[in-house]
Amino acid sequence: MEMFQLRRADDVAQAVNAAAYAEDRQGAPVRFLAGGTTLIDLMKLDVERPGMVVDINRLPLDRIEPTPEGGVRIGATVRNADLAHDPVIRERYPVLSQALLSGASAQLRNMATTGGNLLQRTRCVYFRDVAMPCNKREPGSGCPAIGGYNRNLAVLGTSDACIASNPSDMNVALMALGAAIEIQGADGARTVGIDDFFLLPGDTPQRETVLAPGELITHVTLPPLPAGTRSHYLKLRDRASYEFALASAAVVVTMANGSIRTARVAMGGIGTRPWRVPSAELLLAGGAPSAAVFEAAARELLRDARPQSENAFKIELARRCLVHALNTVTATD
Ligand SMILES: Cc1cc2nc3c(=O)[nH]c(=O)nc-3n(C[C@H](O)[C@H](O)[C@H](O)COP(=O)(O)OP(=O)(O)OC[C@H]3O[C@@H](n4cnc5c(N)ncnc54)[C@H](O)[C@@H]3O)c2cc1C
Ligand code: SF4
C-alpha cells in the first residue's frame, strides 16, 4: 500500500487529482485518511485493502463558518468534538451537538471528522470478519446476517442482499436538519442534498453513497432555521455510553402559538440509511402537539418496517423513541 503526503498543505485539488490518478493507475481503491477511526480499524481487520491512502488532515477544511444565507458551513476535517462544542452549533443546532456527543467516546470524538463520520461503515459483525461471506464486502458471496446474528441491524430499507444498518448518530441529525454535502472530484465540484446522498442496498450493497471513487467531501452545509425552531436527539442503546444506537430519533420542529408549523424527523439504528419519511412529517405539521398525532406519525414512519429473526423489538422501541423525542421537543418551558 502506498501513502500519499500532500506537498502543499492547502491543496484540495492536489489531493483529489492524486486519488483520481491512483484509481486509474492501479485498479485498487484509494482512500482518504481523516481521523482514521473507521479506516485504520478496518485495514487492521483486512476488510479495507486500499492501494493508496491520501492523508487529508493538513487540508484547510477544519473551519466552521457562517454562510451568507444565515446557515453554517462545516469543513470536512472538523473534529466531531469541536463541532459538538461549537457555540453556534450548540445554540442553533442542538440536535447535532447532542447526536455527536452521544456517539463513541471522548477520545474517538477528538479524532473523528465530519467527512469520516458521514462515511463510517456498518457494524454488522459479518462485514468485519473476513472469514465470513458478506455481500457488502465481497459482492455475490451471500448475507449470513439474514437468519443469523441481526439484533442490531436494520428493519427498514433492507434488501435480500443486505440488511446492515447505518450506525452513525451525526448522520441522523444532519438528515433532520436538511444538510447539504459539498463534493470535489477531479472533474469539478457538486453539492448533494443529504436526502439523496445515501443509497439503499438493493442488489449493490457495496455502494453506500453517491460518491464516485476518488471524490472528496469538502464541506457540509446546514441551512438557516426559522425563528421558533427547536430540535432534540434521543438515542436508545444497550448501555448508557460508548454504544451504537438500537433506535434513535432526531427531531426539528418550528413552533408558533402552541402549534407545530413544520417538522423534520429522522431515525437512526433502524434503517440501512438514516431514515426519513416526509408523509410522517406532514402528519405532525399544522396542529397542536398531542399523543395521538405523535403516535400516528410514528406508525407512518415505521409503516414499511420488516423485522429480521432477532430484531422485531426495534419496531416498538423506535415507536417509543420517536414519541418520546417529540414530547420532549414540543414540551412548553
Ligand atoms: C469503538 C467505536 C465506537 C464508536 N461509536 C460510535 C457511536 O456510538 N456513534 C457513531 O456515530 N459513531 C461511532 N463510531 C464511529 C466513529 O464516529 C467513526 O469511526 C468516525 O466518525 C469516522 O471518522 P474518521 O474521521 O475517523 O474517518 P476515517 O476512518 O478517517 O474515514 C472513514 C471513511 O471515510 C473516508 N473519508 C474520510 N474523510 C473523507 C472525505 N472528506 N471525503 C471522502 N472520503 C472521506 C475514508 O476514506 C474512509 O473510507 C465509533 C467508532 C469506534 C471505533
Ligand atoms: S447485512 Fe450486509 S454487511 Fe451484514 S453480512 Fe449481510 S451483506 Fe454483509
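Atoms within each ligand, like the ligands themselves, are counted from 1 in listed order.
- For atom 44 (N) of ligand 1, the choice among L119, N80, N171, V220 with the nearest heavy atom turns out to be L119.
- The CZ atom of R276 lies 13.5 Å from the CZ atom of F198; values are rounded to the nearest 0.5 Å.
- With a 4.0 Å heavy-atom cut-off, ligand 1 is reached by no atom of S105.
- Here the rule is side-chain contact (heavy atoms from CB on, under 4.5 Å) with D304, and of T158, L156, V155 only L156 fits it.
- Among S241, A76, G116, the residue whose heavy atom lies closest to atom 27 (O) of ligand 1 is G116.
- Listed by atom number, the atoms of ligand 1 under 4.0 Å from F32 heavy atoms are 35 (C), 36 (N), 43 (C), 44 (N), 46 (C), 47 (O).
- At under 3.5 Å, a nitrogen or oxygen of K235, whether backbone or side chain, sits near a nitrogen or oxygen of ligand 1.
- For the residue pair T77/D62, the side-chain donor-acceptor check at 3.5 Å is not satisfied.
- In terms of polar-atom proximity, defined here as any N/O pair under 3.5 Å, Q120 does make such a contact with ligand 1.
- Checked by atom type and distance alone, the side chain of R264 pairs as donor or acceptor with a backbone atom of M175 at under 3.5 Å.
- When the heavy atoms of N57, N117, L118 are ranked by distance to atom 21 (O) of ligand 1, first place goes to N117.
- The residues R121 and D41 are annotated as not salt-bridged, no charged nitrogen and carboxylate oxygen being separated by less than 4.0 angstrom.
- Not a single N, O or S atom of C134, from either the backbone or the side chain, sits less than 2.8 Å from atom 2 (Fe) of ligand 2.
- In this structure, E243 has a heavy atom closer than 4.0 Å to ligand 1.
- Atom 2 (C) of ligand 1 has its nearest heavy-atom neighbour, among L211, I217, L108, in L108.
- Panel note: side chain T122, backbone C124; a donor-acceptor pair is recorded below 3.5 Å.
- Using a 4.0 Å cut-off between a side-chain N of Lys or Arg and a carboxylate O of Asp or Glu, D160 and R306 qualify as a salt bridge.
- If you look at E215 next to ligand 1, the close heavy atoms, those under 4.0 Å, all belong to the backbone.
- Nearest to atom 6 (Fe) of ligand 2 among the protein's heavy atoms is C143 SG, 2.3 Å.
- When only non-hydrogen protein atoms are considered, atom 24 (P) of ligand 1 lies nearest to G35 N, 3.6 Å.
- Of the possible donor and acceptor atoms, none in the side chain of E182 sits under 3.5 Å from a partner among the backbone N and O of V220.
- The minimum heavy-atom distance between R31 and P29, with the atom names listed, is NH1-CB, 3.8 Å.
- The protein heavy atom nearest to atom 13 (C) of ligand 1 is F244 CE2, 3.3 Å.
- The protein non-hydrogen atom at the shortest distance from atom 30 (O) of ligand 1 is G36 N, 2.7 Å.
- Interface of R31 with ligand 1, defined as ligand atoms under 4.0 Å from a residue heavy atom, comprises 47 (O), 49 (O).
- Residue contacts with ligand 1: S102 is placed with no nitrogen or oxygen under 3.5 Å of a nitrogen or oxygen of the ligand (distance criterion only).
- Counting protein heavy atoms only, atom 29 (O) of ligand 1 is closest to L39 N, 2.7 Å.
- A heavy-atom separation below 4.0 Å is not found between R109 and ligand 1.
- Protein heavy atom in closest approach to atom 4 (Fe) of ligand 2: C124 SG, 2.3 Å.
- Polar contact check, Y242 against ligand 1: no nitrogen or oxygen pair lies under 3.5 Å apart.
- For N110, the CG atom sits in a packed shell: over 12 heavy atoms of surrounding residues, nucleotides or ligands are nearer than 6.0 Å.
- Those atoms of ligand 2 that come under 4.0 Å of a heavy atom in Y126, given as number and element, are 5 (S).
- Of the polar atoms of T37, at least one N or O is found under 3.5 Å from an N or O of ligand 1, judged by distance alone.
- When the shell of 6.0 Å around CZ of R123 is examined, it contains more than 12 heavy atoms from other residues, nucleotides or ligands.
- Metal site remark for atom 4 (Fe) of ligand 2: C162 contributes no N, O or S atom at a distance under 2.8 Å.
- Ligand 1 has a nitrogen or oxygen under 3.5 angstrom from a nitrogen or oxygen of D169.
- Side-chain contact annotation: N80 with N117, donor-acceptor N/O pair under 3.5 Å present.
- The backbone N or O of A161 lies less than 3.5 Å from no partner atom in the side chain of K136, so there is not a single donor-acceptor pair.
- In A164, the parts holding a heavy atom less than 4.0 Å from any atom of ligand 2 are both the side chain and the backbone.
- The shortest N or O to N or O distance between M111 and ligand 1 is not under 3.5 Å.
- Listed for the E215 side chain is a donor-acceptor partner under 3.5 Å among the backbone atoms of A212.
- There is a side-chain donor-acceptor pair under 3.5 Å between N150 and S309.
- There is no side-chain donor-acceptor pair under 3.5 Å between Y93 and S231.
- Within the 4.0 Å heavy-atom shell around ligand 2 one finds A161.
- The N/O atoms of G103, backbone and side chain alike, include none that comes under 3.5 Å of an N/O atom in ligand 1.
- Salt-bridge annotation for R319 and E295: present, with a side-chain N of the basic residue lying under 4.0 Å from a carboxylate O of the acidic one.
- An N or O contact shorter than 3.5 Å is missing between I40 and ligand 1 by distance.
- For atom 1 (S) of ligand 2, the nearest non-hydrogen atom of the protein is I163 N, 3.3 Å.
- Considering backbone and side-chain atoms alike, A104 places an N or O below 3.5 Å from some N or O of ligand 1.
- Counting only N and O atoms by type, the side chains of T38 and Q120 include no donor and acceptor under 3.5 Å apart.
- For atom 25 (O) of ligand 1, the nearest protein heavy atom (residue, atom name, distance) is T113 OG1, 2.6 Å.
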